[in-house]
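Reminder, nothing fancy here: chain letters follow the sequence lines and each chain counts from 1.
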Number of protein chains: 2
Amino acid sequence: MALTAGELDARHVSRRGIESQRKIIHAAAVCFMRHGLEKATVDEIAQELGSTKGRVYHHFASKNEIYLEVYRQAMEYCFDAVLPLLDLDIPAPEKLVRMATAHGHVMMDTLPFQRTIRLGVDVYLRGSATEAERKVLSGLIAMRNDYEALYRTVLQQGQSAGTLSVPSVALAGRMIMGALNGLVDWYRVRPEQTWDDRDRIAASLAEMIVGGLRAD
Amino acid sequence: MALTAGELDARHVSRRGIESQRKIIHAAAVCFMRHGLEKATVDEIAQELGSTKGRVYHHFASKNEIYLEVYRQAMEYCFDAVLPLLDLDIPAPEKLVRMATAHGHVMMDTLPFQRTIRLGVDVYLRGSATEAERKVLSGLIAMRNDYEALYRTVLQQGQSAGTLSVPSVALAGRMIMGALNGLVDWYRVRPEQTWDDRDRIAASLAEMIVGGLRAD
DNA sequence: GTGGAAACATACTCATGGGAATGTTTTTGC
DNA sequence: GCAAAAACATTCCCATGAGTATGTTTCCAC
């Protein structure tokens with residue numbers, strides 16, 4: 001399931017090259033967030049790096065490939081933040097709140113990446129993608145589904161344990177994802193904002209979301 | 001606040017012309033949903049109508065103008081469905097559930113329009129828009145905010161009446177919108193689906209969302 | 001220290017699609 | 001019923017931006 005970086009293209013190995021790739025991905029995410037997937041040009045991404053197109057196309061075969069890598073990175077951020085929480089030995093409602101809070105943090109901390117995903121998702125790449133690219137995209141969409149499944153698992157556990165009252169696990173999962181991902185639509189980074197400020201947002205949001213699912 | 005159709009351009013008046021505009025808007029929404037805002041070409045929109053570019057550009061000055069009109073239409077669908085419910089003399093929690101359910105229905109019934117909004121929102125039009133177009137966009141964004149304010153009003157009423165427990169009205173409003181609008185990301189139209197099926201989705205979703213805000 | 005490959009920059013090609021210009025038909029006001 | 005304006009269709013222009021080809025420089029292996 002885990003798609004290793006560079007699946008489309010196994011040329012790059014050097015340490016410096018990897019670092020350059022990372023920077024390109026990050027610059028691309030910022031540009032995608034600013035101007036959208038199409039309006040953001042490869043030249044602009046290069047400029048964001050204080051560089052030129054040549055550098056970008058040396059590391060990536062196409063703009064699509066860059067987008068896919070941003071997508072993958074965004075998903076990895078989510079998994080890294082939430083996976084550890086699954087092992088916690090706490091009641092399902094509390095675990096859900098913890099997971100949702102963590103997800104909220106990721107949304108705010110990696111905003112350009114998460115925003116990029118929302119901008120196109122499946123609609124981008126339609127037609128104008130190679131067969132290989134489409135396969136990678138399918139894998140990423142599956143990855144996203146796997147991520148949502150983490151929440152459904154806990155929902156199911158809570159339902160079985162009687163700590164949660166969930167009419168439809170699938171629908172509840174959708175609801176949770178929607179409410180949390182909505183963050184990227186309205187959250188704006190403010191320099192003076194502290195971690196505590198963001199934590200209040202994430203925790204409060206998580207509590208409201210899970211609150212509607214608690215068994216009373 | 002209410003922006004009348006054709007604000008950008010007051011040429012069109014005839015009954016037939018209006019009808020043609022409506023069809024163009026609808027075809028555009030479908031195309032935008034299918035291929036995204038940029039990938040959807042004006043030629044494709046025309047083809048969706050069984051027509052050509054000439055027709056489209058006779059009624060609209062630019063592709064941007066079409067997008068703005070789709071946006072406005074989407075918002076009108078929302079207002080039309082929810083505004084009447086505000087006069088209902090029922091407790092805030094119940095009213096919220098009714099509003100949320102109605103909104104859910106609109107999301108599913110006018111999917112192409114609602115999906116189009118999410119595809120670009122503020123990010124689309126950046127730079128490549130005339131001053132007039134940007135002003136219209138500002139109005140539409142304000143309209144969207146006014147819509148969310150409807151929910152905040154009821155939230156505040158419930159808070160005051162003690163029927164709701166809302167730590168942050170602003171945040172709760174965001175949460176509700178996010179959870180409901182998320183519908184357009186995963187909902188797929190199925191021919192065999194009845195109104196009752198959709199109502200179960202909308203009602204169940206609404207109940208989960210508001211459930212977390214009830215005063216216990 | 002030198003050959004060669006990786007890591008870029010520079011300069012080009014070329015398809016695409018928005019929009020304008022222009023022609024043709026249909027409708028409508030009088 | 002006849003101008004004339006609206007409602008289209010057809011054709012063309014041209015800016016834009018993805019991708020390529022070809023340099024030039026930097027880095028590392030040996």
Identify whether any heavy atom of A:Ala40 sits under 4.0 Å from a base atom; if not, whether one sits that close to sugar-phosphate; answer base, sugar-phosphate or nothing.
-> sugar-phosphate

Quick one: is [N] close enough that its OP1 or OP2 comes under 4.0 Å of any side-chain N or O from [X]?
{"X": "A:His58", "N": "C:dA7", "value": "yes"}
{"X": "B:His59", "N": "D:dC8", "value": "yes"}
{"X": "B:Ser20", "N": "D:dC8", "value": "yes"}
{"X": "A:Ser51", "N": "C:dA9", "value": "yes"}

Atom [atom1] of [X] and atom [atom2] of [N]: how far apart are they, to the nearest Å?
{"X": "B:Asp43", "N": "D:dC12", "atom1": "CG", "atom2": "P", "answer": "15 Å"}
{"X": "A:Arg55", "N": "D:dA21", "atom1": "CZ", "atom2": "C1'", "answer": "21 Å"}
{"X": "A:Lys39", "N": "D:dG17", "atom1": "NZ", "atom2": "C1'", "answer": "13 Å"}
{"X": "A:Ile24", "N": "C:dC8", "atom1": "CD1", "atom2": "C1'", "answer": "10 Å"}

Give the intermediate values and the outcome of side-chain contact (heavy atoms from CB on, under 4.5 Å) for residues B:Gln73 and B:Val70.
-> CA-CA 5 Å; B:Gln73 183 65 55; B:Val70 173; 5.7 Å; no

Stepwise side-chain contact (heavy atoms from CB on, under 4.5 Å) check, A:Tyr187 with A:Val189 | CA-CA 7 Å; A:Tyr187 176 74; A:Val189 181; 4.0 Å; yes

Options D:dG19, C:dA9, C:dG18, nucleotide nearest the side-chain atoms of B:Thr41 = C:dG18

Are any of the side-chain nitrogens in B:Asp185 or A:Arg174 under 4.0 Å away from the carboxylate oxygens of its partner?
-> no

With B:Asn181 as reference, evaluate B:Arg115, B:His103, B:Gln114 under the side chain to side chain donor-acceptor pair (under 3.5 Å) test and give the passing residue.
-> B:His103

